[in-house]
Structure formats: C-alpha cells, structure tokens
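No hydrogens, no waters, no symmetry mates; every other heavy atom, side chains included, goes into these values. As the structure lists them, so they are numbered: ligands from 1, and atoms in each ligand from 1.
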Amino acid sequence: MNWINNGKKPILIAGPCSAETEEQVIQTATRLFRTGKVDVLRAGIWKPRTRPGAFEGIGTKGLPWLQKAKELTGLPVAVEVAKASHVELCLEFGIDILWIGARTTVNPFAVQEIADSLKGVDIPVLLKNPINPDLALWLGGMERLQNAGLTKLGAIHRGFSSAGEKIYRNRPQWQIAIDFKTAMPELPMINDPSHITGRRDLLFKVAQKAMDLNFDGLMIESHVNPDAAWSDAAQQITPEVYGQLISDLVIREYDPINLKEKTKLDRLRKEIDMIDEEIMSILASRMKIAREIGSFKKDNNMTILQNDRWQEVLHKFVDRGTQNGLSEDFITRVIKSIHDESIEQQEKVMTGE
Ligand code: PEP
Ligand code: MN
C-alpha cells in the first residue's frame with residue numbers, strides 16, 4: 001500500500017460529500033489543509049441519489065474547482081466515478097484518485113466499464129463495498145480492476161444497507177470488511193464512518209473502532225457549513241471539528257515490539273482458543289440432538305417448525321443472555337443462526353439427504 005503516503009497510517013481522506021460552489025470547495029479544502037490532518041481531498045461531482053429530484057451533483061463544472069484546491073494545498077484530490085465518461089473527465093482534469101461508490105459496486109457491468117476505461121492508466125482507485133452485504137461482489141469488483149492492470153488499489157468500507165437498522169445509516173458488519181482484508185491482505189482498507197453512521201455524533205466511535213481493527217485509513221465528509229450542505233448534511237462536520245476528531249483518535253500499534261504484557265496476552269488467547277473449542281463441540285452436540293428430533297418428527301409425521309416451542313427457546317435465550325450482560329441484539333442473532341442450522345439439519349433427516 002505504498003502507493004499512497006509511503007505506507008503512513010492512517011491515510012486520511014476528507015472533503016465535502018458534494019462539490020457545490022467554487023467558494024465552498026476552496027474554503028473547505030484550505031481549512032482542512034490547515035488542520036494538518038488530511039492526506040487526500042475528496043468531493044463528489046456526480047452524485048448517485050436514492051430519489052430523483054435531489055441534488056445530483058454539480059457535474060463537470062466542479063472539476064476545475066478541485067484542480068484549484070489541489071494547486072492551493074498541494075494535496076491530491078479524489079472523485080467518485082460511476083461510468084467511463086466520468087473517468088475520462090477526471091483524467092482530463094488531473095484528478096489523482098478515483099473511487100467507485102457503493103451503488104456502482106453492485107453492478108458488475110458498471111465496474112467492468114470503468115475497469116476497461118482505465119486500461120493502461122495506472123491511477124489509484126478505491127472500491128467501496130456494495131450496498132448489500134455481499135463479500136463476493138466486493139471482491140469480484142476488485143478483481144475486475146486488478147484484471148485491467150491497475151496496481152494502486154484500495155477498498156473502502158462504508159457499511160451495508162439493512163432493513164430494520166435503527167442506529168446506523170448503513171450497518172457496519174465489520175466482519176465483512178475483515179473477511180475482505182483476509183482475502184486481499186495486500187490492499188489498504190479504508191473506513192468511511194460518514195456513510196456508516198449518517199450522523200455526526202457517532203463518527204468518532206466508528207472511526208476509533210476502525211483504528212482499533214487496524215484499518216489503514218479513514219474517509220470522512222467535511223463541509224464548511226454542514227447544516228446547509230446540499231447532500232448528506234446530517235453526517236458532515238466542519239474542518240475544525242474534523243481536525244479535532246482525528247487528534248482525539250487513539251492510534252494503537254498492531255504489534256508493539258516492547259510489549260511487556262505479551263505473555264499475558266498469549267495466556268488470554270489460549271483461554272479464548274479453549275473456549276472456542278468448547279463452543280464448537282457444544283454446537284456439534286446440539287446439532288446431533290436436532291437430527292434425532294428430526295427423525296422423531298419424521299416418524300410421527302410432525303412439521304419441523306413448532307412455533308410456540310421456538311418462541312420459548314428464543315425468549316429463554318434472550319433472557320439468560322441479557323442477565324449475563326450480553327446484548328439482546330447479539331444474543332438474538334446467535335440463537336436465530338443456531339436455530340436456522342437446526343432446521344437445516346432436521347430438514348436433511350426428513351428428506352433423507
Ligand atoms: C459518497 O462518498 O459521497 C457516496 C455517495 O458514498 P457511498 O457510495 O458510500 O454511498
Ligand atoms: Mn455523501
């Protein structure tokens with residue numbers, strides 16, 4: 001990941017959701033520059049909006065404003081591209097870094113079109129995760145870029161759309177970003193707390209978590225007058241608030257050399273490994289009994305799902321879990337997942353698979 005900042009961590013990308021006016025772009029850029037906490041300036045020029053009629057981006061006329069911001073600050077500039085014509089214009093106007101948005105990553109045709117338009121131009125490209133929690137789609141998009149010969153690549157984790165989610169605009173589902181990192185460890189992973197949270201008050205918490213999970217950088221939206229922003233007003237912060245947020249982050253080391261407590265950590269990890277072993281064997285025993293129940297139900301011509309019994313199991317589990325200090329959300333996901341597998345196992349017995 002030396003293509004940017006010689007591997008300095010975290011890489012800090014900041015700027016408005018959208019370029020709106022020349023003045024707004026220049027003021028945001030210069031005030032961000034003054035914080036000393038920015039490596040790359042960002043601004044949306046073409047905005048994918050959920051409903052028509054919302055501000056759809058200033059378009060090509062904003063590109064010279066970014067050129068000017070780059071000249072004034074000396075910082076590289078990044079723009080979202082969704083199709084080949086955007087790429088062409090960005091190259092023409094000296095944009096340094098491109099990113100592909102979440103609504104584009106979902107569409108392999110669009111990602112391929114962008115990849116094709118970049119053949120022979122090794123410009124840095126960052127690929128946001130798709131809107132839906134689909135790791136393969138995210139990896140596949142990255143493979144399309146790699147196959148086009150691009151070598152300066154990175155991923156952006158911006159969370160996943162999820163019905164019923166109350167806190168976040170896009171549920172983080174950190175595990176998917178971690179799985180991406182496991183599959184492509186050589187690529188930098190940048191976290192975007194702005195689009196995950198959708199709200200200012202949670203930005204710090206998410207940014208700190210990303211740092212604690214050893215992410216390589218952050219992309220955060222900043223605007224000189226956040227409340228008056230033409231897009232994503234609720235999640236933008238002034239350059240000064242942004243600067244403070246970055247200063248407040250605790251950046252921990254992945255593997256500090258002088259870790260005196262290393263033996264303690266090793267011991268705790270051993271304990272975790274042993275507990276994981278136990279969880280595994282308990283789950284296996286539970287599934288074995290589920291199969292026996294499946295066979296009983298088959299012999300007695302009973303349906304697999306007995307909803308009153310399931311409700312009883314669910315409530316008992318949630319009660320016990322919350323009494324033990326586990327969150328209701330977590331414990332519900334665990335028991336639902338176990339129950340799903342249990343049904344699957346019983347179904348196998350029923351159908352004689
Ligand atoms: C953006 O970065 O302004 C944007 C549109 O993000 P996303 O693709 O993550 O929704
Ligand atoms: Mn935005």
What atoms of ligand 1 come closer than 4.0 angstrom to any heavy atom of [X]?
X: E221; value: 1 (C), 3 (O)
X: G101; value: 8 (O)
X: A102; value: 8 (O)
X: W99; value: 2 (O)

Say whether, by atom type as modelled, one donor and one acceptor occur between the side chain of [X] and the main chain of [Y] under 3.5 angstrom.
X: H157; Y: P172; value: yes
X: R49; Y: F55; value: yes
X: Q173; Y: F160; value: no
X: T28; Y: P16; value: no

Exercise for review: Examine ligand 1 and decide if any of its atoms is less than 4.0 Å from a heavy atom belonging to C17.
Suggested key: yes
**Study point:** For atom 3 (O) of ligand 1, the option (of R169, K128, E80, K47) bearing the nearest heavy atom
**Key:**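 Among R169, K128, E80, K47, the closest heavy atom to atom 3 (O) of ligand 1 belongs to K47.
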Practice item. Name the option, out of R49, M219, R158, that contains the heavy atom nearest to atom 10 (O) of ligand 1. Key: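 Residue with the shortest heavy-atom distance to the ligand atom: R158.
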Exercise for review: Measure across L218 and P193 and return the closest heavy-atom pair with its distance rounded to 0.1 Å.
Suggested key: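 Smallest interatomic distance, heavy atoms only, reads CD2-CG, 4.2 Å.
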Review point. Do the ring planes of W174 and F215 sit parallel (below 30°), tilted (30 to 60°) or perpendicular (above 60°)?
Key: perpendicular
Exercise for review: Looking only at N, O or S atoms, find the one in D232 nearest to the Mn ion (ligand 2) and name it.
Suggested key: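 Minimum-distance N/O/S atom of D232 relative to the Mn ion (ligand 2) is OD2.
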Check your understanding: What N/O/S atom of E221 is the closest to the Mn ion (ligand 2)?
Key ->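 The closest N, O or S atom of E221 to the Mn ion (ligand 2) is OE2.
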Review point. Which protein non-hydrogen atom lies closest to atom 2 (O) of ligand 1, naming both residue and atom, and how far is it?
Key: R42 NH1, 2.7 Å
Exercise for review: Starting from atom 4 (C) of ligand 1, find the nearest protein heavy-atom neighbour and note its residue, name and distance.
Suggested key: H195 NE2, 3.5 Å
Check your understanding: Do D116 and Q112 have a side chain donor and acceptor closer than 3.5 Å?
Key ->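 Yes, Q112 and D116 have a side-chain donor paired with an acceptor closer than 3.5 Å.
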**Study point:** Side-chain H-bond candidate by donor/acceptor type, E143 with N147, under 3.5 Å
**Key:** no
